[in-house]
Amino acid sequence: MPQIIGVPKETAAGEKRVATVPEVVEKLIKLGFKVMVQSGAGDAANCSDDTYRAAGAEIAASAAQLWSGSDIVFKVGVPTAEEVGLLREGGTLIGFVWPAQNPELMQQLAAKKATVLAIDSLPRVLSRAQKMDALTSQAGVAGYRAVIEAANAFGRFFNGQITAAGKVPPAKVFIAGAGVAGLAAIGTAAGLGAIVRANDTRAEVADQVVSLGGEFVKVDYEEEGSGGGGYAKVMSEGFQKAQREMYAKQAKEVDIIITTALIPGKPAPRLITAEMVQSMKPGSVIVDMAAERGGNCELTEAGKTVVKHGVTIVGYTDLNSRLAKQSSTLYATNLFRLTEELCKTKDGVINVNMEDDAIRGLTVVKEGGITWPPPPIQLPAAAPKPAAAAVKQAEKKGHGHGGSSEPMPAQTLAIVFGLGALAFWFVGAYAPPAFLNHFTVFVLACFVGYMVVWNVTPALHTPLMSVTNAISSIICIGALVQVAPLAVETAGTRPAAWILGLAVFGIVLTTINMFGGFAVTRRMLDMFRK
């Protein structure tokens with residue numbers, strides 16, 4: 001019998017998201033499930049009850065009916081004690097739980113004999129888990145919205161303009177933290193035309209910042225900042241001091257600061273002090289995306305926009321809800337991908353397979369037993385690095401031609417040259433003199449061409465070959481020589497009809513080769529031009 005997936009109306013203040021949308025309801029039904037949605041659950045996300053009905057969902061009149069009538073409940077926010085009380089005995093809950101921060105909630109869920117999959121506990125080190133990663137999808141939305149809020153509070157254009165009324169300089173934006181939210185903010189701010197700078201404790205994200213149009217500002221202190229699982233770690237006091245100095249300098253120069261720094265299970269690190277705020281230009285803006293966890297700015301007030309020392313400090317904790325439709329659609333897709341993993345048989349019944357690393361990491365309560373924290377995931381061992389001598393030898397072998405072939409042994413090389421010399425003697429002894437001249441040019445051309453191409457970097461082979469194809473079409477000259485007597489009739493010089501046919505056919509093919517070779521080369525070169 002197919003299970004019923006219930007989607008209740010979120011009860012948290014200011015929460016406008018909904019756990020699934022009509023487009024995803026249709027997909028869940030195709031997996032064999034029945035879907036029940038509480039009346040009004042999607043109103044704030046522009047998903048009316050009628051659209052859910054049209055997608056095939058049943059509408060529940062009340063929360064009690066929804067919770068008691070559902071085998072599986074999809075939620076966005078952390079469930080309240082009242083909602084846990086409504087959960088069916090032995091039911092399944094999927095949504096944000098934050099087990100480390102909510103031990104009492106975990107005990108309440110265990111007492112209900114529930115199975116709970118915390119979407120925030122997904123092992124992000126697994127590449128196949130990306131499609132289910134709601135933290136990433138929601139952080140991307142929040143980063144985008146943070147820039148929109150900054151633009152709303154800022155008193156100028158983001159992009160520089162030259163108008164009849166005067167010149168407007170571009171806004172300077174500094175983004176602290178280049179995780180998912182930070183990268184989304186960088187791309188959005190750069191797209192609006194601002195000069196974007198960014199910093200992160202993880203040096204490996206510098207290339208990502210640059211690729212999105214930003215400038216990576218490095219702290220003058222060497223320390224590895226990656227904490228595993230895609231997060232940053234708590235840095236040493238020496239690094240933090242150097243970082244504060246860099247932030248103080250940026251605060252004086254930029255117009256907008258967007259902070260995104262968070263460390264799992266810990267209060268948000270303080271990056272922007274009151275003194276830095278005071279040093280900023282009047283009319284500047286700070287958007288503190290970590291406001292809910294204490295804030296990266298010392299003067300942030302969670303859930304509010306305040307003006308301190310002439311600087312507008314935005315501390316909204318509902319950035320995702322300010323783009324409720326988009327956030328809900330992405331979150332619903334994440335839950336659908338998870339449901340696909342739980343119901344591979346497409347019979348409308350989930351199977352919580354604890355042998356699956358991704359599912360095991362998500363499952364924090366299994367049939368009343370608390371299973372959090374999960375055991376560490378055993379990742380495949382990294383391939384051993386080759387010994388220095390082996391690397392040196394490989395580089396020697398691959399110098400100039402990508403290392404794709406071994407050098408020919410001396411004995412084999414001598415045999416090849418001996419056979420070649422014998423072949424030349426045979427041709428010279430029996431072939432006509434005119435043929436010998438052409439044959440010599442042909443062999444030398446093959447040798448020179450081979451050595452030229454062999455010493456070209458493999459990455460350039462494709463554009464090189466396209467040009468070579470065009471140049472090699474010099475064979476067209478030979479075909480033209482055969483066709484030329486048609487234009488100038490000379491007795492005894494007109495070739496046979498079949499030779500003329502081959503010549504014309506050769507001209508057609510080489511024409512395609514020439515134009516096509518140069519056209520392909522031009523398209524390849526255009527890929528590297530802005």
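Computed from a predicted structure; not experimentally measured.
- Asp49 places a side-chain N or O within donor-acceptor distance of the main-chain N or O of Gly40, the cut-off being under 3.5 Å.
- Atom CZ of Phe157 is surrounded by 12 or fewer heavy atoms from other residues, nucleotides or ligands within 6.0 Å.
- Asp347 contributes atom CG, which lies 9.5 Å from atom CG of Leu31 (distance to the nearest 0.5 angstrom).
- A salt bridge links Glu341 with Arg128; the closest basic N to acidic carboxylate O contact falls under 4.0 Å.
- With hydrogens and angles ignored, the 3.5 Å screen pairs no side-chain donor or acceptor of Thr363 with any backbone N or O of Lys366.
- The two atoms that bring Tyr52 and Val37 nearest to each other are CD2-CG2, 3.8 Å, heavy atoms only.
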Which is it for Arg53 and Asp50 under the salt bridge (charged side-chain N to carboxylate O under 4.0 Å, His left out) test, yes or no, and what are the steps along the way?
CA-CA 5 Å; Arg53 286 194 186 94; Asp50 289 339; 3.1 Å; yes
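- Asp71 contributes no side-chain N or O that, together with a main-chain N or O of Gln3, makes up a donor-acceptor pair within less than 3.5 Å.
- Remark: side-chain polar atoms of Gln65 are paired, donor with acceptor, to backbone N or O of Ala61 under 3.5 angstrom.
- The CG atom of Leu122 sits 10.0 Å away from the CG atom of Leu117 when rounded to the nearest 0.5 Å.
- Between Lys281 and Glu253 there is no salt bridge, since no side-chain N of the basic residue sits under 4.0 Å from a carboxylate O of the acidic one.
- Under 4.0 Å is where a charged nitrogen must lie from a carboxylate oxygen, and between Asp43 and Lys9 no such pair does.
- Within the 3.5 Å criterion, the main-chain N or O of Val73 finds no donor-acceptor partner in the side chain of Ser70.
- A 4.5 Å side-chain heavy-atom check between Lys304 and Val314 finds every atom pair outside the cut-off.
- To the nearest 0.5 Å, atoms CD1 (Ile4) and CZ (Arg88) are separated by 6.5 Å.
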Could you walk me through whether Met246 and Asn199 pass the side chain to side chain contact (heavy atoms under 4.5 Å, CB included) check?
CA-CA 10 Å; Met246 183 269 289; Asn199 168 263; 3.3 Å; yes
Taking distance alone, no hydrogens or angles, what donor-acceptor pairs closer than 3.5 Å link side-chain atoms of residues 19-30 to residues at least two apart or in another chain?
none

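- Using a 4.5 Å heavy-atom cutoff, the side chains of Leu105 and Pro79 are in contact.
- Side-chain atoms of Thr51 do not come within 3.5 Å of backbone N or O of Cys47 as any donor-acceptor pair.
- For the pair Ala134 and Ile119, the tightest heavy-atom approach, listed with the atom from each and the gap, is CB-CG1, 3.7 Å.
- For the pair Ser327 (side chain) and Asn320 (backbone), a donor-acceptor distance under 3.5 Å is present.
- For Phe336 and Phe74, the ring centers sit 6.0 Å or farther from each other.
- Between Gln130 and Thr136, every side-chain heavy-atom pair lies at or beyond the 4.5 Å cut-off.
- Using modelled atom types, one side-chain atom of Asp120 and one backbone atom of Trp98 make a donor-acceptor pair closer than 3.5 Å.
- With Arg244 as the partner, the salt bridge (charged side-chain N to carboxylate O under 4.0 Å, His left out) test is satisfied by one option alone out of Glu275, Glu237, Glu298: Glu237.
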Apply side chain to side chain contact (heavy atoms under 4.5 Å, CB included) to Met276 and Thr273, showing your working.
CA-CA 5 Å; Met276 294 180 195; Thr273 64; 3.3 Å; yes
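- Between Glu149 and Arg145, at least one side-chain N (NZ, or NE/NH1/NH2) sits under 4.0 Å from a carboxylate O, which counts as a salt bridge.
- Here the side chain of Thr305 pairs no donor or acceptor atom with the backbone of Gly315 at under 3.5 angstrom.
- Interatomic distance, Leu271 CG to Asn296 CG, rounded to the nearest 0.5 Å: 4.5 Å.
- Taking the six-membered ring for Trp and thresholds of 30 and 60 degrees, Phe96 and Tyr331 have nearly parallel ring planes, at less than 30 degrees apart.
- For Lys252, there are no side chain to side chain donor-acceptor pair (under 3.5 Å) partners at least two apart in sequence or on another chain.
- With Asp357 contributing its side chain and Ile377 its backbone, the two residues share no donor-acceptor pair below 3.5 Å.
- Between Phe216 and Arg202, the closest heavy-atom pair is CZ-O, 4.4 Å.
- Here the rule is salt bridge (charged side-chain N to carboxylate O under 4.0 Å, His left out) with Glu10, and of Lys16, Arg17, Lys75 only Lys75 fits it.
- A cation-pi arrangement is present between Arg322 and Tyr316 under the rule of less than 6.0 angstrom and at most 45 degrees off the ring axis.
- Note: Ile195 CD1 to Asp255 CG = 9.0 Å, rounded to the nearest 0.5 Å.
- Distance check: Ser39 OG to Ile59 CD1 gives 6.5 Å after rounding to the nearest 0.5 Å.
- Ion pairing of Lys112 with Glu367 is absent here, as no side-chain N (NZ or NE/NH1/NH2) approaches a carboxylate O to less than 4.0 Å.
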His309 vs Met280, test: side chain to side chain contact (heavy atoms under 4.5 Å, CB included). Steps then yes/no.
CA-CA 8 Å; His309 306 295; Met280 295 181 73; over 6 Å; no
Leu93/Leu109 under side chain to side chain contact (heavy atoms under 4.5 Å, CB included): CA gap, chis, key distance, verdict:
CA-CA 9 Å; Leu93 175 67; Leu109 291 166; 4.0 Å; yes
